[in-house]
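Please read the structure below before turning to the comments.
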Number of protein chains: 2
Amino acid sequence: MTYPRTEAFDAQYQELAKYAKVLSHPARLAILKYLAEVKACISGDISNEIPLSRTTVSQHLQVLREAGFIQGQIDGVKINYCLNPETVEELKQLFNDFMCKVQSDKCCK
Amino acid sequence: MTYPRTEAFDAQYQELAKYAKVLSHPARLAILKYLAEVKACISGDISNEIPLSRTTVSQHLQVLREAGFIQGQIDGVKINYCLNPETVEELKQLFNDFMCKVQSDKCCK
DNA sequence: GATTTATGTCGCAAACATACGACATATTTT
DNA sequence: AAAATATGTCGTATGTTTGCGACATAAATC
């Protein structure tokens, strides 16, 4: 949702918020972890692994793809999915930068 | 949303997903950062700082409070809000644990 | 005790997210 | 070329999130 009043203000937090949204569903965290374990696999493997329909998994894959977390390599009928290390690295960076600003010495106690 | 089929499966990702959801809105990231900067403040200060109505800020504060990110200390009519370092630390831990499982050596290249 | 100040909750509309069956497409295999 | 396989997109129902005005509460001040 974009609200005119907040657009400018939100800008600096938009990127991390977007990544956080992608990570805010257990299925997507599970897919990322599964991909890290198997290094590469086809989408059918994922819907066998997690208790969701093929359609739903496909939609979660789309969210992960659009956010740049995963990449798909077409191989005939199959599509081999794997993690995109650049995006994983960027997330880590953004998150750590944010955490530095919200350090434990910055509380009222 | 809770789906019976996925409940057991989701369990191990539920916690991080929940934290990620809290961080998935720019206004909430902004509030956390503002609180870190000023160390403690009242809710009115926050709605003056960010371009959202008092009501909306109050609701974002509720989300942050319920997730344990912030604490409110009643002082007469005012409520002094501040960060909760335990939760910030727990988030950092959960996130780092997850990132270790999704390391850059775990891709198809 | 009336007014002001600080904050919270309710109710609602609009937007967004989730899950999944049904259908579409495209490449293999027979 | 028909069947099988792998995957994507559409439509839809249901639930959740967001923003905000209106109302409620409760302490402080006049």
Side-chain angles (χ1 to χ4, degrees), chain A residues 1-10 13-14 17-31 35 38 40-67 70-82, chain B residues 1-10 13-14 17-31 35 38 40-67 70-82:
Chain A
M1 225 184 297
T2 317
Y3 292 85
R5 284 181 60 209
T6 60
E7 213 166 331
F9 180 79
D10 286 358
Y13 305 105
Q14 211 81 273
K18 240 164 82 182
Y19 279 142
K21 196 165 220 166
V22 173
L23 301 180
S24 76
H25 196 288
R28 290 194 285 268
L29 294 177
I31 291 171
L35 272 177
V38 299
C41 72
I42 60 172
S43 114
D45 292 345
I46 299 170
S47 33
N48 286 336
E49 187 69 16
I50 82 172
L52 285 169
S53 79
R54 203 185 52 67
T55 311
T56 303
V57 168
S58 182
Q59 276 174 154
H60 283 305
L61 287 174
Q62 187 179 23
V63 173
L64 291 167
R65 212 183 320 119
E66 282 172 357
I70 62 174
Q71 284 173 303
Q73 180 70 42
I74 297 172
D75 168 26
V77 203
K78 303 176 181 182
I79 295 177
N80 285 297
Y81 277 107
C82 68
Chain B
M1 227 184 296
T2 317
Y3 293 86
R5 286 181 59 208
T6 59
E7 213 166 330
F9 179 80
D10 286 358
Y13 305 105
Q14 211 81 271
K18 240 166 79 183
Y19 280 141
K21 196 165 220 167
V22 174
L23 300 181
S24 74
H25 196 288
R28 288 194 288 266
L29 294 177
I31 291 171
L35 271 177
V38 298
C41 71
I42 60 171
S43 113
D45 292 344
I46 299 169
S47 33
N48 285 336
E49 187 69 17
I50 82 172
L52 285 169
S53 79
R54 204 186 50 70
T55 311
T56 303
V57 168
S58 182
Q59 277 174 154
H60 283 305
L61 286 174
Q62 187 179 23
V63 173
L64 290 167
R65 211 185 320 120
E66 282 172 358
I70 63 173
Q71 285 172 305
Q73 180 70 44
I74 297 174
D75 169 25
V77 204
K78 303 178 182 183
I79 295 176
N80 284 299
Y81 277 107
C82 68

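Below, chains carry the letters A, B, ... as their sequence lines are ordered, and counting in each starts from 1.
- Side chains of Ser53(B) and Thr56(B): a donor-acceptor N/O pair is present below 3.5 angstrom, by distance only.
- Side-chain atoms of Arg65(A) and Tyr81(A) include a donor-acceptor pair closer than 3.5 Å.
- For the helix from dG1(C)-dC30(D) to dT30(C)-dA1(D), the axis fitted to the five pairs at one end and the axis fitted to the five pairs at the other end meet at an angle of 10° (nearest 10 degrees).
- Here the rule is side-chain contact (heavy atoms from CB on, under 4.5 Å) with Asp45(A), and of Ser47(A), Cys41(A), Ser43(A) only Cys41(A) fits it.
- Taking atom CG of residue Leu29(B) and atom P of nucleotide dT18(D), one finds them 11 Å apart after rounding to whole Å.
- Contact between the side-chain N/O atoms of Lys21(A) and the OP1/OP2 oxygens of dT17(D) is not found at any separation under 4.0 Å.
- The minimum heavy-atom distance linking Gly72(A) with Ile79(A) is given by the pair CA-CG2, 3.7 Å.
- As rounded to whole Å, 11 Å separates atom P of dA26(D) from atom CD1 of Ile74(B).
- When all heavy atoms of Tyr13(B) and Ala30(A) are compared, the pair lying nearest together is CE1-CB, 3.5 Å.
- Separating the NE2 atom in His60(A) from the CD1 atom in Ile31(A) is a distance of 6.0 Å, to the nearest 0.5 Å.
- Between His60(A) and dA19(C), a side-chain N or O to OP1/OP2 separation shorter than 4.0 Å is present.
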Output one line per pair: protein atom, nucleotide atom from nucleotides 5-9 of chain D, and distance, for all N/O pairs under 3.5 Å.
unit_1, atom_1, unit_2, atom_2, d
dT7(D), OP1, Ser43(A), N, 3.2
dT7(D), OP1, Ile79(A), N, 3.3
dT7(D), OP1, Ile79(A), O, 3.4
dT7(D), OP2, Gly44(A), N, 2.7
dG8(D), OP1, Tyr81(A), OH, 2.4
dG8(D), OP2, Ser58(A), OG, 3.4
dG8(D), N7, Arg54(A), NH1, 3.2
dG8(D), O6, Arg54(A), NH2, 2.8

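- Taking 4.0 angstrom as the limit, Thr56(B) places a side-chain polar atom (N or O) nearer than this to OP1 or OP2 of dC20(D).
- The closest donor-acceptor contact from the side chain of Arg28(B) to the backbone of Val22(B) lies under 3.5 Å.
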